[in-house]
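Accompanying notes for the structure given below.
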Protein chains: 2
Amino acid sequence: MFRLETILFEHSKSSLVKYVLTRYYCGMNDELFNLIERLANLLRQETRLEGQSLGLQPVQQEALYYLSTCNRYSDTMLAVTEFLGLTKGTVSQSLKILESNALIIKVKDKKDKRITHLKVTKAGREFLMKTCPPQKFTDAITSLSVDEEFETKTLLKKVLNNYQQATGRTAFGVCQHCKFNQQTSDGIVCGLTKEALSNDDIMLICKEYAV
Amino acid sequence: MFRLETILFEHSKSSLVKYVLTRYYCGMNDELFNLIERLANLLRQETRLEGQSLGLQPVQQEALYYLSTCNRYSDTMLAVTEFLGLTKGTVSQSLKILESNALIIKVKDKKDKRITHLKVTKAGREFLMKTCPPQKFTDAITSLSVDEEFETKTLLKKVLNNYQQATGRTAFGVCQHCKFNQQTSDGIVCGLTKEALSNDDIMLICKEYAV
DNA sequence: TGATAAATGTTTCGACTCGAAACTATTTTA
DNA sequence: TAAAATAGTTTCGAGTCGAAACATTTATCA
């Protein structure tokens, strides 16, 4: 995988001080890692620009975006925490800023008073529609054919699923494709909550997703 | 692209206060964006864990990794700045920390005294070999067949190239596939610098890459 | 040639992010 | 009914970030 080589070079002003460095060349394994990191860097950069009008940080926009895509079982602070891979305190603060900007509102759960649902407001949706995904990224995607885009998505989904499983993280996924999603005589039902699901519901992301 | 729908729900304790929200469902365009963001989140999280032993932040590890993969024309602070999409001051500080941890050393350029080359030390290489790419990510990749992995890389490269072009950013790329890379009777030469390139050189990433 | 502009990099500042830990309130467990 | 678990907030200190001012060196060009 790695090739090792020892090289020499001079250090700054102090003449003839030599440092021995070990140098390795990346195997093909690194390449995919590298590509994802670089795409993520560019995305973060563009996201930062898009958020400047409202003074929103990238991480806050990510949280807002997540909340716009998740279902009613997954719109809590803890779910956002899982999704972003951060700690409770950090996420709590980010959400406070989204709330102060009137992009989300907090709605207490009626059954369990500990739980607060986070609902994206009209202003929040409008902001997302303008900015998310960033325009230049969307443009870059169009260079792929429909088949190529589908293929990319399929393969990345495979990697993501495995990665989520390896890290023991909640496997967020689309309700429709979840093993708890059941078609009954009364319509579509969630096997976990036993609640009825609408055609819109099943298109959203759920934190309880399982295959 | 988007489907709009107006929904109603009750707000917290104040009974019967209704909020009108506009809700939209993501078209397929969002999906690729979403996948990359989520993979990046997981990578950042695992990177954070891996760096704890040395007290290294994710962004510092990314800089170190970049420096281990780039050539002698691209191992400067400004190149790292371009690569990470951050500002000079920020990167300068991150590099100072890498230097204080003896993971890189600074080497003044002999021709242009403004330029400082950043060389990864043996300790730096060893740290990277242990931690980069993160183990669980590497494991997740193995779920792909060789062909699938190749296909994914090819497609993501296409997206990245377009994205870099759209943002007007430096298009980092492997020397070997650059248009300035020339095969002459004396060996391989860089058309920009007119310098000879070794077989090792041409495998590294260059900030002057062009197609 | 000599003044001005441009490029490389550092430092400082204030706003923001992050994890850790302590804390409240509610629900579940035993 | 007491103890444990869950959802969420607040506070603290370390670190990240961009912006701007700065120093040094090199390039431009009149």
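Here is the naming used below: chain letters follow the sequence lines, and residue numbers restart at 1 for every chain.
What separates CG of A:Asn101 from P of C:dC16 is a distance of 11 Å, to the nearest Å. The CG atom of B:Asn41 sits 10 Å away from the P atom of C:dC18 (whole-angstrom rounding). Spacing between atom CD1 of B:Ile115 and atom P of C:dA6 amounts to 18 Å, rounded to whole angstrom units. When the C1' atom of D:dG8 is taken as reference, atom CE of A:Met77 falls 6 Å away, rounded to whole Å. Note: CD (A:Gln45) to P (D:dC17) measures 12 Å, nearest angstrom. B:Leu98 places its CG atom 14 Å from the C1' atom of D:dT16, with the value rounded to the nearest Å. Here the C1' atom of nucleotide D:dG8 and the CG atom of A:Leu86 are 16 Å apart, to the nearest Å. Residue B:His117 contributes atom NE2, which lies 12 Å from atom P of C:dT8 at whole-angstrom precision.
Residues passing the side-chain hydrogen bond (donor to acceptor under 3.5 Å, both in side chains) test with A:Glu46 are B:Tyr163, sequence neighbours excluded. With sequence neighbours excluded, the residues satisfying side-chain hydrogen bond (donor to acceptor under 3.5 Å, both in side chains) with A:Asp109 are A:His117. With sequence neighbours excluded, the residues forming a side-chain hydrogen bond (donor to acceptor under 3.5 Å, both in side chains) with B:Lys158 are A:Glu148, listed by chain and number. For B:Ser74, the side-chain hydrogen bond (donor to acceptor under 3.5 Å, both in side chains) test picks out B:Asn71, with sequence neighbours left out.
Within the 3.5 Å criterion, the main-chain N or O of A:Lys110 finds no donor-acceptor partner in the side chain of A:Lys113.
Residue pairs meeting the salt bridge (Lys or Arg N to Asp or Glu O under 4.0 Å) criterion with at least one member in residues 55-80 of chain B, sequence neighbours excluded, are B:Arg44-B:Glu62, B:Arg72-B:Glu195, B:Arg72-B:Asp201, B:Asp75-B:Lys119.
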Using the 3.5 Å cut-off, write out each protein N or O paired with an N or O of nucleotides 11-13 of chain C and the distance between them.
unit_1 : atom_1 : unit_2  : atom_2 : d
C:dT11 : OP2    : B:Lys96 : NZ     : 3.4

Under 3.5 Å, which N/O atoms of the protein pair with N/O atoms of nucleotides 28-30 of chain C?
none

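Here A:Arg48 reaches the OP1 or OP2 of D:dG18: one of its side-chain N or O atoms lies under 4.0 Å away. Phosphate contact (OP1/OP2 of C:dT10, side-chain N/O of B:Lys106, threshold under 4.0 Å): present.
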Just distance, no hydrogens or angles: give the donor-acceptor pairs under 3.5 Å from side chains in residues 129-137 of chain A, sequence neighbours left out.
unit_1   : atom_1 : unit_2   : atom_2 : d
A:Thr131 : OG1    : A:Phe127 : O      : 2.9
A:Gln135 : NE2    : A:Asp139 : OD1    : 2.9

Show me the donor-acceptor pairs within less than 3.5 Å that the side chains of residues 83-103 of chain A make with the rest of the protein, sequence neighbours left out.
unit_1   : atom_1 : unit_2  : atom_2 : d
A:Thr87  : OG1    : A:Thr90 : OG1    : 3.1
A:Ser100 : OG     : A:Ile97 : O      : 2.8
A:Asn101 : ND2    : A:Leu54 : O      : 3.4

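Comparing A:Lys111 and A:Thr87 against DNA chain C, the residue whose closest nucleotide sits nearer the 5' end is A:Thr87. Place A:Gln52 and B:Gln60 on DNA chain D by their nearest nucleotides, and B:Gln60 ends up nearer the 5' end. Annotation: of the two residues near DNA chain C, A:Arg44 and B:Thr76, the 5′-most nearest-nucleotide partner is B:Thr76.
Put simply, the residue from B:Tyr66, B:Tyr73, B:Tyr209 that forms a ring-ring contact (aromatic ring centres under 6.0 Å, His included) with B:Phe172 is B:Tyr66.
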